[in-house]
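When a residue number appears, it is its place in the shown sequence, counting from 1. Computed from heavy atoms alone, side chains included, the values below leave out hydrogens, waters and symmetry copies.
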Amino acid sequence: MNIQILITQMGKLFIIIFIGYFIYRSKLVNDEFVKVFTELMLKVTMPAMILSSVLNLEERQSFGDVMTAFAVAIALMFVILPIIGYLLARLLFVKKEQIGLYTFMNTYSNIGFMGFPVIAPLCGSVGLFYAAIFNLIFNLSIFSLGIIIINRGNDNEVRFDPHLLLSPGIIGAVLAIVIYFLDLHFPAIINETIDSVGLITSPSAMLLIGCSLATMDIKSIFDEWRLYPWTIIKQLLIPLALWFPLVLVIKNPLLLQVAYIMIAMPVANSSALFATSYGGDTQLAAKGIFISTLFSLVTVPLVIMIMM
């Protein structure tokens with residue numbers, strides 16, 4: 001992997017994030033616009049980007065590599081990262097009512113809004129196809145196990161709504177897998193149209209992250225001391241610690257790169273949404289998103305440079 005390309009791409013993404021920050025602060029957009037545009041991305045452009053990864057796939061991947069991608073994603077998001085997240089929260093003496101949120105933030109990284117934009121120029125359509133597999137498992141996990149995790153330490157009654165699994169993101173990922181395994185082909189005008197819509201996702205996602213960060217009180221963002229060692233461990237030490245087991249399991253270099261980028265991503269924006277929905281510490285979630293996103297400008301290229 002070309003580290004210069006990665007650093008350039010991360011730099012471009014952060015510039016777009018700051019553009020989003022300033023257009024929100026300058027009142028060119030408001031909360032209603034951000035809400036509607038987020039829905040547009042989640043329900044239209046991101047599923048289109050996932051489908052495009054299969055429709056424009058230059059070469060079919062081996063069945064073994066595809067199954068490996070599923071197995072690694074399931075192991076990471078249902079077992080390994082939740083356990084590590086819980087132990088890390090206990091290690092940092094996190095308050096009982098915040099253990100669930102810290103575990104949640106460690107488990108669910110920003111695969112959609114940052115992972116896809118980073119992977120697209122670096123790994124091409126094949127990389128996006130593997131990322132779609134990770135995104136599918138991410139959604140299955142966050143709407144099932146994630147609900148249980150974030151309620152840990154709270155008195156809320158845990159309720160799982162199976163309808164959440166019918167989100168456009170999951171449907172898009174499932175369709176992509178079906179199209180891939182059935183080796184379906186469509187007219188060029190269909191492929192190009194879906195690809196054009198999907199291309200909107202990357203810059204739009206960064207603008208929305210910037211708008212989200214602009215809603216926070218800058219002065220209060222940096223007062224949670226635990227987030228600093230936690231972010232270093234999450235985005236540097238954990239990826240480095242997982243390198244050896246991943247190399248043993250993943251033989252495809254491109255799949256290994258995608259898995260690593262997924263792990264190294266900052267906290268998912270879903271952390272704030274879930275904290276709001278389930279009575280968690282929304283301020284802590286917002287701080288975790290901001291600080292981990294800020295640190296990722298350095299940590300993501302550093303991790304990839306060291307291990308790749």
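- In this structure, the side chains of T293 and V267 stay at 4.5 Å or more apart for every pair of heavy atoms.
- L294 and W225 sit in two unconnected hydrophobic clusters of ILVMFWY residues. Membership requires side-chain heavy atoms under 4.5 Å apart, directly or through other members.
- Here the straight-line distance linking atom CD of Q235 with atom CG of L302 works out to 11.5 Å at 0.5 Å rounding.
- A distance of 8.5 Å separates CG in D195 from CG in N191, rounded to the nearest 0.5 Å.
- When all heavy atoms of M114 and P266 are compared, the closest pair comes out as SD-CG, 3.5 Å.
- By the side-chain contact (heavy atoms from CB on, under 4.5 Å) test, A285 pairs with L101, S271, A272, A275, sequence neighbours left out.
- In terms of hydrophobic clustering, with Ile, Leu, Val, Met, Phe, Trp and Tyr side chains grouped at heavy-atom distances under 4.5 Å, F244 and V249 are assigned to a common cluster.
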- Does the side-chain contact (heavy atoms from CB on, under 4.5 Å) test come out yes or no for L76 and F134, once each step is laid out? CA-CA 10 Å; L76 285 172; F134 273 83; 4.1 Å; yes
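- L199 and V44 end up in different hydrophobic clusters when Ile, Leu, Val, Met, Phe, Trp and Tyr side chains are linked at under 4.5 Å.
- Residues that satisfy the side-chain contact (heavy atoms from CB on, under 4.5 Å) test with E224, not counting sequence neighbours, are Y102, R226, L227, L284, K287.
- Pairing each heavy atom of S62 with each of Y180, the nearest pair is N-OH, 4.4 Å.
- Among residues at least two apart or in separate chains, side chain to side chain donor-acceptor pair (under 3.5 Å) pairs with a member in residues 108-118 are Y108-S141, S109-K234, N110-N269.
- Heavy atoms of other residues, nucleotides or ligands lying less than 6.0 angstrom from CZ of F18 number 12 at most.
- The two residues I233 and P239 come nearest to each other via the heavy atoms O-CD, 4.2 Å.
- The hydrophobic clustering, which links ILVMFWY residues whose side-chain heavy atoms are closer than 4.5 Å, places L91 and W230 together.
- Here the side chains of L207 and Y24 are not in contact, with every heavy-atom distance at 4.5 Å or above.
- In terms of the salt bridge (charged side-chain N to carboxylate O under 4.0 Å, His left out) criterion, residue partners of D183 (sequence neighbours excluded) are, by chain and number, R60.
- Counting all heavy atoms, side chain and backbone alike, G172 lies closest to P47 at CA-CB, 4.5 Å.
- When the shell of 6.0 Å around NZ of K251 is examined, it contains more than 12 heavy atoms from other residues, nucleotides or ligands.
- Contact annotation: the side chain of Y130 approaches that of N252 to within less than 4.5 Å [non-hydrogen atoms, C-beta and beyond].
- Counting only heavy atoms from C-beta outward, the side chains of N106 and Y86 never approach each other to under 4.5 Å.
- If you chain together hydrophobic residues whose side chains sit under 4.5 Å apart, I200 and V118 never meet in one group.
- L28 is linked by a side-chain contact (heavy atoms from CB on, under 4.5 Å) to I23, S26, counting only residues two or more places apart in sequence or in another chain.
- A distance of 11.5 Å separates CD1 of I84 from OG1 of T103, quoted to the nearest 0.5 Å.
- With sequence neighbours excluded, the residues satisfying side-chain contact (heavy atoms from CB on, under 4.5 Å) with I250 are T68, V72, L246, L255, L256, A259.
- Remark: I99 CD1 to L87 CG distance equals 10.5 Å, nearest 0.5 Å.
- More than 12 heavy atoms of other residues, nucleotides or ligands sit less than 6.0 Å from atom CZ of R25.
- The only option from L254, I177, I119 that meets the side-chain contact (heavy atoms from CB on, under 4.5 Å) definition with F129 turns out to be I177.
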- Stepwise, does the side-chain contact (heavy atoms from CB on, under 4.5 Å) test hold for M265 with I111? CA-CA 7 Å; M265 285 295 105; I111 291 177; 5.6 Å; no
- Message: Pair C211, V29 - check side-chain contact (heavy atoms from CB on, under 4.5 Å), show working.
- Response: CA-CA 9 Å; C211 291; V29 299; 4.0 Å; yes
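- Annotation: side chain of P82 is in contact with side chain of L145 (closest heavy-atom distance under 4.5 Å).
- Under the 4.5 Å side-chain criterion, counting only non-hydrogen atoms from C-beta, F116 is in contact with N135.
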- Could you walk me through whether V303 and W243 pass the side-chain contact (heavy atoms from CB on, under 4.5 Å) test, one step at a time? CA-CA 10 Å; V303 166; W243 176 81; over 6 Å; no
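- Of all non-hydrogen atoms in G288 and S292, the two that sit nearest each other are O-OG, 2.6 Å.
- In this structure the side chain of F186 reaches within 4.5 angstrom of the side chain of I179, judged on heavy atoms.
- Closest approach of A48 and V197 over heavy atoms only: CB-CG1, 3.8 Å.
- Here CE of M77 is found 9.5 Å from CG of L136. Values are rounded to the nearest 0.5 Å.
- No more than 12 heavy atoms of other residues, nucleotides or ligands sit less than 6.0 Å from atom CD1 of I189.
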